[in-house]
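The block underneath contains the structure these notes are about, expressed in structure tokens.
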Amino acid sequence: MSSQTVFKTVRQYNKKPISNDDMKKLREIAADYSKVKNYVYMRYGSISSLSKLYPGYTIQNELTKSGMRESLGMPSVYFHLAVFDALGDIKSQWTRTKSKILAHVNCHTGFNEEEKHYLRFLLKVSNVFEAVLNHAEFRLPADIQRQHDELAEQVNIETLHRYMRRQVRKYHVKLHTEHVSGFSIAERAYRYADHGIYISVKEKRKRIFVLLTDNNQYKSQLYISLFPEENRIEIKVPIYTAVRRHKDYTNKIGISIGMYTMLTTDSGNQYGTALGKYQTRYSDWVRTQTTSYCRNKKDNPGRKKYNAQKRRFEEQLHSYINCELNRFLQTEKPDTIYLAKLPRPRTTGYNRKINHSIIMWQRGYMKSRLMQKCRQHSIKLVDVIGKDISYECSRCGGTGYKARYQFVCTSCGSVIDEKTNTARNTLKRGREGKVLH
């Protein structure tokens with residue numbers, strides 16, 4: 001991807017409820033899609049298939065010859081996408097497995113540096129890693145082979161190979177999915193027209209029509225998420241957008257994120273002051289509905305209505321967060337934003353209502369949206385060290401305490417809004433280079 005573009009996902013929605021017959025056809029595709037993925041997980045998720053994963057066409061050819069697509073009556077456009085989707089998941093799973101093993105190797109006190117170096121070499125060189133797991137011989141280019149031989153002379157390779165196999169057995173698991181929630185669709189399996197989209201189904205030369213809420217048209221691989229209980233679909237469209245550069249965005253700003261006021265800057269400006277109202281209303285409703293459902297399982301309104309109302313609450317909350325983030329960027333015009341890296345909020349020591357509100361806090365969503373918008377506007381977002389940042393005085397550097405949303409310094413006696421104090425400390429640490437890389 002070019003540095004002048006950023007990736008984002010656009011969503012499209014149906015304007016009218018999907019009929020039961022059309023939803024049934026879409027669910028048939030999703031069910032077959034899931035079956036193909038599970039078959040690939042089962043057959044090619046083990047160590048014996050590592051050599052076939054890259055680039056993956058060997059597996060595709062084997063499955064094409066197996067006759068699985070014909071037995072399912074599945075269009076090839078969906079079948080091949082399901083295969084490569086599953087292969088991508090398997091590759092990601094192997095990456096996670098290697099990351100876990102690497103972390104374990106780095107902190108292992110029983111290995112010396114030469115042994116750790118050799119284990120890192122095994123994890124880095126794929127064909128050596130594959131050969132070790134399968135008790136096979138391997139051939140390497142001359143320069144890499146020379147590097148391997150030099151490392152092997154300093155360690156007991158059999159012991160390390162057995163260790164690597166044990167760690168793989170411990171951490172690596174085969175994937176499986178029980179969800180029939182959607183499927184990917186290639187460009188030749190759909191067509192935009194008549195203010196909607198025509199989607200190919202399992203019947204030959206047949207497509208179903210879905211009227212959309214917008215008239216946007218795209219040419220890329222889409223993902224169709226199904227919500228049969230609500231008779232609706234959600235189309236996820238991956239697109240690239242040009243990076244915007246603003247000559248007047250020159251300020252360096254420290255910010256503090258809160259649960260009731262979304263953002264506070266080092267100058268004391270606040271954005272998202274109504275976040276607490278949206279957050280509390282949402283968490284109170286979820287808590288009330290959960291209690292009602294547990295007490296009256298026979299008379300509850302049903303999960304369909306519950307999910308629909310929950311989605312409306314989340315959409316209102318997310319819409320408000322995005323609007324306030326846009327207003328923040330347009331008003332402050334930042335070149336660099338410093339944000340304190342804080343630990344996860346604790347959900348103990350308060351009453352149940354506050355604990356539940358903390359659990360429902362949208363901090364992760366706010367951070368992800370801020371990161372996305374900073375990429376789109378060429379703004380640098382920097383994480384600074386957050387240890388004890390809210391208990392440090394931004395004026396004298398002394399230690400203080402918080403009381404009734406105010407910070408009180410015990411050294412110089414200054415009293416300031418606690419979020420503003422944190423934001424100023426964030427800016428100060430960012431300028432001093434106390435950042436996380």
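Everything numeric in this text was worked out from a predicted model, so none of it was measured.
Note: Trp94 and Phe129 have perpendicular aromatic rings, judged against thresholds of 30 and 60 degrees for the angle between ring planes. Classified by interplanar angle (parallel below 30°, tilted 30° to 60°, perpendicular above 60°), the ring pair His104/His108 is perpendicular. Aromatic ring orientation, His377 versus Tyr249: parallel (interplanar angle below 30°, classes split at 30° and 60°).
Ser49 places no side-chain N or O within donor-acceptor distance of the main-chain N or O of Lys52, the cut-off being under 3.5 Å. Checked by atom type and distance alone, the side chain of Asn251 pairs as donor or acceptor with a backbone atom of Glu332 at under 3.5 Å. Counting only distance, with no hydrogens or angles, the side chain of Tyr78 and the backbone of Ser200 share a donor-acceptor pair below 3.5 Å. With hydrogens and angles disregarded, no donor-acceptor distance shorter than 3.5 Å links the side chain of His161 to the backbone of His135. In this structure a side-chain-to-backbone donor-acceptor pair under 3.5 Å is missing from Asn14 to Arg232. Using a distance-only test at 3.5 Å, with no hydrogens or angles considered, no donor-acceptor pair links the side chain of Ser319 to the main chain of Gln316. In terms of modelled atom types and a separation under 3.5 Å, the side chain of Asn134 and the main chain of Glu130 share a donor-acceptor contact. Remark: side-chain polar atoms of Ser34 are not paired, donor with acceptor, to backbone N or O of Ala30 under 3.5 angstrom. Checking side-chain atoms of Lys100 against main-chain N and O of Lys170 turns up no donor-acceptor pair under 3.5 Å. At distances below 3.5 Å, at least one donor-acceptor pair connects side-chain atoms of Ser283 with backbone N or O atoms of Thr280.
Using modelled atom types, one finds no donor on one side chain facing an acceptor on the other under 3.5 Å when comparing Arg369 with Gln372. A donor and an acceptor atom, one from each side chain of Ser267 and Asn269, are located under 3.5 Å apart. Gln145 and Asp149 form a side-chain donor-acceptor contact under 3.5 Å, judged by distance and modelled atom types alone. Counted by atom type alone, Asp266 and Asn425 present zero donor-acceptor pairs between their side chains at under 3.5 Å. Checked by atom type, the side-chain pair Glu115/Tyr163 shows no donor-acceptor distance below 3.5 Å. Judged purely by distance below 3.5 Å, without hydrogens or angles, the side chains of Arg120 and Asn106 pair a donor atom with an acceptor atom.
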>> Test side chain to side chain donor-acceptor pair (under 3.5 Å) on Gln12 and Tyr218; report intermediate values, then the result.
In response: CA-CA 11 Å; Gln12 293 183 297; Tyr218 303 96; 4.9 Å; no

>> As a quick check of understanding, evaluate side chain to side chain contact (heavy atoms under 4.5 Å, CB included) for Ile224 and Ile29, giving each step before the final call.
In response: CA-CA 11 Å; Ile224 310 293; Ile29 297 173; over 6 Å; no

>> His80 vs Gln60, test: side chain to side chain contact (heavy atoms under 4.5 Å, CB included). Steps then yes/no.
In response: CA-CA 7 Å; His80 295 308; Gln60 179 185 341; 3.5 Å; yes

> Yes or no on side chain to side chain contact (heavy atoms under 4.5 Å, CB included) for Gln376 and Lys8, after CA distance, side-chain angles and deciding distance?
Replying inline: CA-CA 9 Å; Gln376 292 176 4; Lys8 70 176 184 178; 3.6 Å; yes

>> Determine whether Leu325 and Leu263 satisfy the following criterion, side chain to side chain contact (heavy atoms under 4.5 Å, CB included), listing intermediate values before the conclusion.
In response: CA-CA 9 Å; Leu325 286 176; Leu263 287 179; 3.7 Å; yes

>> Show, in sequence, the C-alpha distance, side-chain angles and deciding distance for Arg327 and Gln330, and conclude whether the side chain to side chain donor-acceptor pair (under 3.5 Å) test is met.
In response: CA-CA 5 Å; Arg327 188 169 72 88; Gln330 292 167 5; over 6 Å; no

> Would Glu314 and Arg311 count as a salt bridge (Lys or Arg N to Asp or Glu O under 4.0 Å) if you check the C-alpha gap in whole Å, the side-chain angles of each, and the deciding distance to 0.1 Å?
Replying inline: CA-CA 5 Å; Glu314 289 179 346; Arg311 180 169 56 86; over 6 Å; no

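How far CE of Met164 is from CG of Leu119: 4.5 Å, rounded to the nearest 0.5 Å. Rounded to the nearest 0.5 angstrom, Leu72 CG and Lys202 NZ are separated by 6.5 Å. Rounding to the nearest 0.5 angstrom, the gap separating the OH atom in Tyr190 from the OG atom in Ser220 is 5.0 Å. To the nearest 0.5 Å, atom CG of residue Asn20 and atom CZ of residue Arg27 are 10.5 Å apart. Rounding to the nearest 0.5 angstrom, the gap separating the OG1 atom in Thr265 from the OH atom in Tyr271 is 6.0 Å. Taking CD1 from Ile208 and CD1 from Ile197, the interatomic distance works out to 9.5 Å, rounded to the nearest 0.5 Å.
Glu113 has its side chain out of reach of His117: every pair of non-hydrogen atoms, C-beta onward, lies at least 4.5 Å apart. Residues Asn216 and Val237 form no side-chain contact, since every pair of their non-hydrogen atoms from C-beta on lies 4.5 Å or further apart. Between Arg375 and Phe7, every side-chain heavy-atom pair lies at or beyond the 4.5 Å cut-off. The closest side-chain heavy-atom distance from Asp85 to Phe183 is not below 4.5 Å. With contacts defined as side-chain heavy-atom distances shorter than 4.5 Å, the pair Leu427/Val384 does not qualify. Under the 4.5 Å side-chain criterion, counting only non-hydrogen atoms from C-beta, Val77 is in contact with Arg188. Put simply, the side chain of Val83 does not reach to within 4.5 Å of the side chain of Thr64, judged on heavy atoms. Annotation: side chain of Ser225 is in contact with side chain of Lys236 (closest heavy-atom distance under 4.5 Å).
Ion pairing between Lys252 and Asp335 holds under the 4.0 Å rule for side-chain N and carboxylate O.
For the ring pair (Phe, Tyr, Trp, His ring centres under 6.0 Å) with Tyr320, the lone residue among Tyr365, Phe313, Tyr278, Tyr282 that qualifies is Tyr278. The ring pair (Phe, Tyr, Trp, His ring centres under 6.0 Å) test with Phe84 is passed by exactly one of Tyr57, Tyr44, Tyr33: Tyr57.
A 6.0 Å sphere centred on NZ of Lys174 holds more than 12 heavy atoms belonging to other residues, nucleotides or ligands. Within 6.0 Å of the CZ atom in Arg43, the count of heavy atoms belonging to other residues, nucleotides or ligands exceeds 12. No more than 12 heavy atoms of other residues, nucleotides or ligands shown are found within 6.0 angstrom of NZ on Lys35. Within a 6.0 Å radius of NZ in Lys16, other residues, nucleotides and ligands contribute 12 heavy atoms or fewer.
Closest approach of Ala423 to Gly254, counting heavy atoms only: CB-O, 3.5 Å. Annotation for Ile157 and Ala152: closest pair CG2-CB, 3.7 Å, computed over non-hydrogen atoms. For the residue pair Tyr405 and Asp417, the shortest heavy atom distance occurs at O-OD1, 3.5 Å. Closest non-hydrogen pair, Ile385 versus Arg429, comes out as O-NH1, 2.7 Å. Counting all heavy atoms, side chain and backbone alike, Met68 lies closest to Ser71 at O-OG, 2.7 Å. Between Leu211 and His195 the shortest heavy-atom distance is CD1-O, 3.3 Å.
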